[in-house]
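Only one structure is covered here, and it is reproduced in the block below.
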Amino acid sequence: MQRKPRTDAQRNRERILEVAKEAFTHFGAEASLDEIAKQAGVGPGTLYRHFPARDVLIEAVYRSEVEKLAAAERKFTEEMPPVEALRAWMLLFVDHIAQKQIIAPALNSVVGGPTKMYEGSRGLIQPAIEGLVQRAIKSGDIRKDLDPFDLLRALIGVSHVASGPGWQQSARRLVDILITGSRPVK
């Protein structure tokens, strides 16, 4: 049986991930691990105890962001009406795509590239959007024939134009268009 990490150890890990995300965003995959440890308020030994190699840290940053996106589904479901929860999650997904674009060079440095990580994230993302769409269908806010994965594909399509100026604002407008187009036909 695996022990749950101590609270301070978990807090250190989360702080390292937060600082590493910023460092990889600004400086790429070669961001200084010693500087990440320093900015996180931990010693290099603590960083290496949690993340024994740069690739492990890069993967953990990406995985952490995907887990936050998946967890947002539960939070939005508890706090918002169905269609608002779906819209909020889709907007968060657009932000996730933007973050992925920023950290992509670091992800590409990982042995085997980001493909393996992206494939693993599908198992977390797909159930989140499926739950949100099913809830919105049950409430009557979304048409019954909507395939949740179609919405996800549309949002992923945004990532192919993510390098253009203003793409993120355009993508956020696209979320509203997708929601409007998903309403039941009267």
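Taking CG from L124 and CD from E65, the interatomic distance works out to 12.5 Å, rounded to the nearest 0.5 Å. Rounding to the nearest 0.5 angstrom, the gap separating the CZ atom in F24 from the CD atom in E30 is 9.0 Å. Separation of atoms CG (D141) and CD1 (I179) is listed at 9.0 Å; rounding is to 0.5 Å. With rounding to the nearest 0.5 angstrom, the CG atom of L178 is 9.5 Å from the CG atom of L86. Distance check: K68 NZ to L17 CG gives 7.5 Å after rounding to the nearest 0.5 Å. From S182, atom OG reaches atom CD1 of I177 across 11.5 Å, with rounding to the nearest 0.5 Å.
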- [ ] Output, in order, the C-alpha distance, side-chain angles, deciding distance and verdict of side chain to side chain donor-acceptor pair (under 3.5 Å) for Q134 and E130.
- [x] CA-CA 6 Å; Q134 290 308 316; E130 285 173 355; over 6 Å; no
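Contact of the L57 side chain with the I36 side chain is registered, since non-hydrogen atoms from C-beta on lie closer than 4.5 Å. No side-chain heavy atom of I129 sits less than 4.5 Å from a side-chain heavy atom of F93. The side-chain heavy atoms of D147 and V133, taken from C-beta on, include no pair separated by under 4.5 Å. Contact check for R183 versus V83: side-chain heavy atoms found under the 4.5 Å cut-off.
Of the charged side-chain nitrogens involved, at least one lies within less than 4.0 Å of a carboxylate oxygen, so that D95 and R172 count as a salt-bridged pair. Classification of R87 and E84 as a salt-bridged pair fails, no side-chain N sitting under 4.0 Å from a carboxylate O. Contact check on E78 versus R74 returns no salt bridge, with no Lys/Arg side-chain nitrogen under 4.0 Å from an Asp/Glu carboxylate oxygen. Taking the charged nitrogens against the carboxylate oxygens, D150 and R153 do have a contact shorter than 4.0 Å, which makes a salt bridge. Note on E18 versus K21: no salt bridge recorded, every NZ/NE/NH1/NH2 to OD/OE distance being 4.0 Å or above.
For R13 (side chain) and F51 (main-chain N/O), no donor-acceptor pair under 3.5 Å exists by modelled atom type. Although no hydrogens or angles enter the test, the distance criterion places a donor-acceptor pair under 3.5 Å between the side chain of W89 and the main chain of L69.
Shown here for A128 and E73, the closest heavy-atom pair between the two residues is O-CG, 3.3 Å. Heavy-atom minimum distance, L174 versus A154: CD2-O, 4.2 Å. Scanning both residues, A85 and R135, for their nearest heavy atoms gives CB-NH1, 3.6 Å. Nearest heavy-atom pair across L33 and L47 is O-CD1, 3.7 Å. Of all heavy-atom pairs between G140 and P184, the closest is O-CG, 3.2 Å.
Other residues, nucleotides and ligands place no more than 12 heavy atoms under 6.0 Å from the CZ atom of F27.
Each of V56, I16, V42 was evaluated against H50; a single residue qualifies, I16, per the side-chain contact (heavy atoms from CB on, under 4.5 Å) test.
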